[in-house]
Amino acid sequence: MHYISTRGGISPISFKDAVMMGLARDGGLLLPEVLPTVDPKSLRRWQSYSFQQLASEIFRLFITDIAVDQLEKIITRSYATFSHPEITPLVKKGDIFILELFHGPTLAFKDVALQFLGNVFEHILEETGSKMNIIGATSGDTGSAAIYGVRGKERINIFILHPHKRVSPIQELQMTTVIDPNVFNLAIKGTFDDAQAIVKAIFNDIPFKDKYHLGAVNSINWARILAQIVYYVYAWFKVTAETGEESIDFSVPTGNFGDIFAGYIARNILPQGAIRKLILATNENNLLTRFVTRGDYSVSEVVATSSPSMDIQVASNFERYLYYLYDCDTDRTKRDFEGFSQCGKLRFDDNLLRTIQQDFASKSVTEPETLGTIRTFYSEHDYLLDPHTAVGVNAARACASADVPVVCLATAHPAKFGAAVTQAIGKSPETPPELKGLENKESRCEVLDPDVKTVQDYIAHRALL
Ligand SMILES: *Cc1c(COP(=O)(O)O)cnc(C)c1O
């Protein structure tokens, strides 16, 4: 299996090269040259597989340059850090299935992909005898999941920038209490956008990037998408076995279009109709909902909500979907995205809109609706939703068909977003063991001015060479 760019500007590369490249060199995103499909015989065999066994089968369709025994070792190591034996268990609450994706070390779904990515990086670096320095900016969830993905790894140093005093206290502690010598937390005196801009500037400094073997972990890395496909297929097996239905809907709380794009790939490798629709759940940042309901993809201002990991306007994985919507036409994808970066908008005609609406339904959920959903779900089912998951459940209720079961992805543990939960139900959620006593642990963090040179100097002195 080889990988190509949505903009057609690179010759096909292997999986390992795609993982190390992250963003394609022509500015596009990497995708498999062809999408594999799962034949009915394999499907019958996979029915009773564990999460890890299923991961191995699915990864093998997309990875042909890592030996199967090596791949299985990577999978075992990646999911041994999860606290639930099923990794991503499915629970039924009333008429809705909740797919709990928050049993990893940082209690959010990003662990499913970043534990795997960290181990894939380690495997490749050992093979080639090289080292890398990961740099990233975070507004909260990605940073801790990335840090937990590579902590203690010999050939990797990680530098994560967060806006000083502007992430939640729990999110900050989840990052700064990891004191492994290869982990560097940098609190930037500024906003998330300042931190993000510094990281971009550093990656654009090509001599610096090459000298220090910089690597990225953001959600455009193909390995992250790949890891997320597994739980869609896993949940599909569970629900079809339990309900006898062959066709189901998924509701996905969405920001960067990464998680839901993994659902789109799952939908395309499974038999037709297995996943009827993907329900694209957004908060008040409704760019993607406007896209699905009206064919209008135009950027506006970001507003702050109680589901901050979805407070995003430009969805970095969207280009991947567009490539498929345009029947793999790389010229058209390139032209549209270059245009988009100039004027911040794209329009889709009725013909395309029909295709889009065959794949997706969507709702933008307001703040009162989000908190209301947490409250009523708790009183009806004695089950706490975090605000991101509540957005998904609300959209699922609005968009699902009565004829097919619906699975909502639970992207974070409610205790991670305790303030919103407390506001909704009048008391705070129970603290899980992973978050207990964090404030008493030793922590390490460097506060720096929002200046590219300052951050580059800091990295240059501590980078692995
Ligand atoms: C990152 C995140 C999301 C959004 O996922 P995307 O892949 O960016 O769409 C939703 N919920 C939580 C808790 C997250 O951390």
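As the structure lists them, so they are numbered: ligands from 1, and atoms in each ligand from 1. The structure presented is a predicted model; accordingly, all values stated were derived computationally and were not measured.
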**Report entry** Ionic contact status for Lys92 with Glu242, cut-off 4.0 Å
**Finding:** no
Requested in this report: Considering only NZ, NE, NH1 and NH2 on the basic side and carboxylate oxygens on the acidic side, decide whether Asp26 and Lys334 come within less than 4.0 Å.
Outcome: no
Query raised in the report: Ring centres of Phe360 and Tyr321 under 6.0 Å apart?
Result: yes
Query raised in the report: Is Lys93 salt-bridged to Glu380, going by a charged N under 4.0 Å from an acidic O?
Result: no
Query - Charged N-O contact under 4.0 Å between Lys277 and Asp249 - result: no
Query - Those residues that, when tested against Cys445, pass side-chain contact (heavy atoms from CB on, under 4.5 Å) (two or more places apart) - result: His162, Thr176, Asn185, Ala187
Query raised in the report: What residues come within 4.0 Å of ligand 1, counting heavy atoms only?
Result: Phe109, Lys110, Asp141, Pro253, Thr254, Gly255, Asn256, Phe257, Gly258, Asp259, Ser309, Met310, His388, Thr411, Ala412
